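Each ligand, and each atom within it, is numbered from 1 in the order the structure gives. Hydrogens, waters and symmetry mates play no part in the numbers below; they use all other heavy atoms, side chains included. Please read these numbers as outputs of a predicted model, since none were measured by experiment.
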Amino acid sequence: MTSIAHLSIIVPCYNEELVICETHKQLTEQMKVIEKPYEIIFINDGSKDATLNMLKNISKEDKKVKIIDFSRNFGHQCAVSAGLKYCTGEIAAIIDADLQDPPAVIIEMLKIMETEQANVVYGVRKNRAGESGFKLLTAKWFYRTLNAMSEVKFPLDTGDFRIVDRKIIDQFNALKEKNKYIRGLISWMGYKQVPCYYDREKRFAGETKYPLRKMLKFAMTGLFYFSKKPLQLATSLGTICIGLGILYFLWMLIAVLSSLVHTVPGWLSIIGIIIFFGGVQLLTIGVLGRYIGNIFDETKERPEFIVNEVINF
Ligand code: UDP
Ligand code: MG
């Protein structure tokens, strides 16, 4: 039986050979402060470089280091999910391998968790060093749009860098949806969640492992798993088209009766019919969208509610 750690640090790694030793060193350094049992779980997400070998070497000398090696690259969110599934800690910290999230902030988060009696302490980025203007702009725009469209409200400028307690870990592991947008799901769970403000550093070494393609996929998961507004778009467009079609017919009637316009016979009415029935079609697609939305909600099998505590039962 493995001993239960107080803190589990979850570190997803994809081609991080340039940083992994330094990350291990800095995390270990910080853990001296808390003087409680801990484990560091590195998830090797199908790296093609020397990451796995280096991790194996580290784990030979440091038994607190555990490795989960994926059979191929499944993506950052899957790696973090695996870490949460395998961790034994009362508290889990999720941190990137590239030291953009400073390990010292974990200590700060632990203090906040204790004083505030919080279940989640999430990192909020005050500054983001060394990231492209494009990434900053798209991230800013994306999170605000998502908040406007989603039924769940998310804290802004927040990534997955956070600590969560056992309640959250167990609830998270019980979720049945496969495609997980972790920061969103943890927000959705509720309980007491408090921010911890920090400066995001430059990557210690190497390149970002989130090319545009992965960023888009990630953004789409966030959007389509937390908002049904895109499905409802057809309804709104359809209603507008039907309204326009009716107005157009009225105008046409007046124009033809009072001989205001002269066109090829039939042209005006055909345009009117196209607009009107285009609207009818969009509206019915929108109705289908509503049903698909409901099917989608049911298949996700998220629990209807999460109880924090029951009293006098
Ligand atoms: N990562 C991963 N699998 C992937 C892509 C990234 O496990 O397919 C890890 C990566 O090693 C890092 C973290 O996820 O620890 C965040 O990635 P990165 O720093 O490249 O993203 P950025 O900070 O540029 O958004
Ligand atoms: Mg990074």
Quick one: which ligand 1 atoms are inside 4.0 Å of a heavy atom on [X]?
X    : value
H76  : 1 (N), 2 (C), 3 (N), 4 (C), 7 (O), 8 (O), 13 (C), 14 (O)
K209 : 5 (C), 6 (C), 18 (P), 20 (O)
G75  : 3 (N), 8 (O)
R203 : 18 (P), 19 (O), 20 (O)
C13  : 7 (O), 11 (O)
N73  : 3 (N), 4 (C), 8 (O)
D45  : 2 (C), 3 (N), 4 (C), 7 (O), 8 (O)

Let me know which of R203, K202, R200 forms a side-chain hydrogen bond (donor to acceptor under 3.5 Å, both in side chains) with Q100. R200
Out of [options], whose heavy atom is nearest to [atom]?
atom                    : options             : value
atom 8 (O) of ligand 1  : R200, K214, Q100    : K214
atom 2 (C) of ligand 1  : F42, Y210, Y14, F74 : Y14
atom 19 (O) of ligand 1 : D96, V80, D98       : D98

Is it true that [X] and [Y] make a salt bridge, defined as a side-chain N closer than 4.0 Å to a carboxylate O?
X    : Y    : value
K25  : E22  : yes
E301 : K178 : no
E29  : K32  : yes

Within 45° of the six-membered ring axis of F74 and under 6.0 Å from that ring's centre, is NZ or CZ of R72 located there?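 Cation-pi check for R72 and F74: passes.
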Ignoring hydrogens, what is the shortest heavy-atom contact between [X] and [Y]? Give both atom names and the distance.
X    : Y    : value
I168 : G190 : CD1-O, 4.4 Å
P155 : Y122 : CB-CE1, 3.5 Å
G279 : C241 : CA-CB, 3.4 Å
L146 : G222 : CD1-O, 3.5 Å

For ligand 1, find out whether one of its N or O atoms is nearer than 3.5 Å to an N or O atom of E207. no
Heteroatom proximity flag, P12 to ligand 1, N/O under 3.5 Å: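 Indeed, backbone or side chain, P12 has an N or O that close.
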Any N/O/S atom, backbone or side chain, of Q100 lying under 2.8 Å from the Mg ion (ligand 2)?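 An N, O or S atom of Q100 is closer than 2.8 Å to the Mg ion (ligand 2), so yes.
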Got a sec: is D96 within less than 2.8 Å of the Mg ion (ligand 2) via an N/O/S atom?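 False for D96.
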Who's the nearest protein heavy-atom neighbour of atom 25 (O) of ligand 1, and how far?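 The closest one turns out to be K135 NZ, 2.6 Å.
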For atom 24 (O) of ligand 1, grab the closest protein heavy atom and report residue, atom and distance to one decimal in Å.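 Going atom by atom, the protein heavy atom closest to atom 24 (O) of ligand 1 ends up being T208 OG1, 2.5 Å.
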N, O or S atom within D98 nearest to the Mg ion (ligand 2), by name: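 Checking each N, O and S atom of D98, the shortest distance to the Mg ion (ligand 2) belongs to OD2.
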Heavy-atom contacts under 4.0 Å between E16 and ligand 1: side chain, backbone, both, or neither? side chain
Pair D160-Q77, side-chain donor/acceptor within less than 3.5 Å: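 Q77 and D160 do have a side-chain donor-acceptor pair below 3.5 Å.
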Determine whether more than 12 heavy atoms belonging to other residues, nucleotides or ligands lie under 6.0 Å from atom OH of Y197.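 At most 12 heavy atoms, drawn from other residues, nucleotides or ligands, come within 6.0 Å of this atom.
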